[in-house]
Amino acid sequence: QLQLVESGGGLVQPGGSLRLSCAASGFGFGRYTIGWFRQAPGKEREEVSCISNGASVTKFKDSVWGRFTMYRDNAKSTVYLQMNHLKPEDTGIYYCAALYYEFNNCDFGPAYKYTYWGQGTQDNVSS
């Protein structure tokens, strides 16, 4: 079982940057695929990125590709989402989620495939 805690959200102007962290506690973090989701006001939760358990595979939603990067430090049981060139449409609550997966891969899919979720961190991009 994993417990996930996000941090790093805040208020930033368009064009600015934020780095979100997802710190995990529990056993076997290095065997979990991690996804970052966001939920904008009035919209459904969407997956914006994922990273494989071995960190060799990352995938990004088209709208954030080239602006967001995702990486992990398994020794620290932490995953990061670096968000650059932020836009107002990036505003939302960001959640990290974990899925136990024996293969070093990740793919976008429905939110319900992830087993463990953090509480979320709010990100506001506004001038």
With [X], which residues qualify under side-chain hydrogen bond (donor to acceptor under 3.5 Å, both in side chains), at least two apart?
X    : answer
E47  : Y114
E46  : R38, K61
D107 : K59
N74  : R72

Query raised in the report: Residues in side-chain contact (heavy atoms from CB on, under 4.5 Å) with S56, at least two apart?
Result: S52, N104
**Report entry** Residue list, side-chain contact (heavy atoms from CB on, under 4.5 Å) with E89, at least two apart or on another chain
**Finding:** K87
Query raised in the report: Linking Ile, Leu, Val, Met, Phe, Trp and Tyr through side-chain heavy atoms less than 4.5 Å apart, which residues share a cluster with Y32?
Result: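 Other cluster members: L2, L4, V12, L18, L20, F29, I34, W36, V48, I51, F60, V64, W65, F68, M70, V79, L81, M83, L86, Y94, Y100, Y116, V125.
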Report task. Give every residue pair that meets the side-chain hydrogen bond (donor to acceptor under 3.5 Å, both in side chains) criterion with at least one member in residues 2-12, sequence neighbours excluded. Result ->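 Matches after skipping sequence neighbours: Q3-S25.
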Query raised in the report: Sequence neighbours excluded, which residues qualify as salt bridge (charged side-chain N to carboxylate O under 4.0 Å, His left out) partners of K76?
Result: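 If we apply the salt bridge (charged side-chain N to carboxylate O under 4.0 Å, His left out) test to K76, skipping adjacent residues, there are no hits.
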Query raised in the report: Residues two or more places apart in sequence or in another chain: which of them pass salt bridge (charged side-chain N to carboxylate O under 4.0 Å, His left out) with R67?
Result: D90
Requested in this report: Could you name each residue pair satisfying ring pair (Phe, Tyr, Trp, His ring centres under 6.0 Å) that touches residues 74-93, not counting sequence neighbours?
Outcome: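 Output for this query lists Y71-Y80.
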Query - Reported CZ-to-CG distance for the pair R31 and N53, which is rounded to 0.5 angstrom - result: 9.5 Å
Report summary line: So CD1 of I93 and OG1 of T121: to nearest 0.5 Å the spacing works out to 9.0 Å
Requested in this report: Looking only at non-hydrogen atoms, find the nearest pair between P14 and S127 and report the distance.
Outcome: CD-N, 3.6 Å
Query raised in the report: If every non-hydrogen atom of F37 is compared with every non-hydrogen atom of A97, which pair is closest and at what distance?
Result: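 So the two residues come closest at CE1-CB, 4.2 Å.
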Report task. For R45, look at atom CZ and say whether over 12 heavy atoms of other residues, nucleotides or ligands are found less than 6.0 Å away. Result -> yes
Query - Whether over 12 other heavy atoms sit under 6.0 Å from Q119 CD - result: no
**Report entry** Test item: S126 side-chain N/O and L11 main-chain N/O as donor-acceptor pair under 3.5 Å
**Finding:** no
Query raised in the report: Could you give all pairs that pass the disulfide (SG to SG under 2.5 Å) test and reach residues 94-127, with sequence neighbours left out?
Result: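 Residue pairs passing disulfide (SG to SG under 2.5 Å), neighbours aside: C22-C96, C50-C106.
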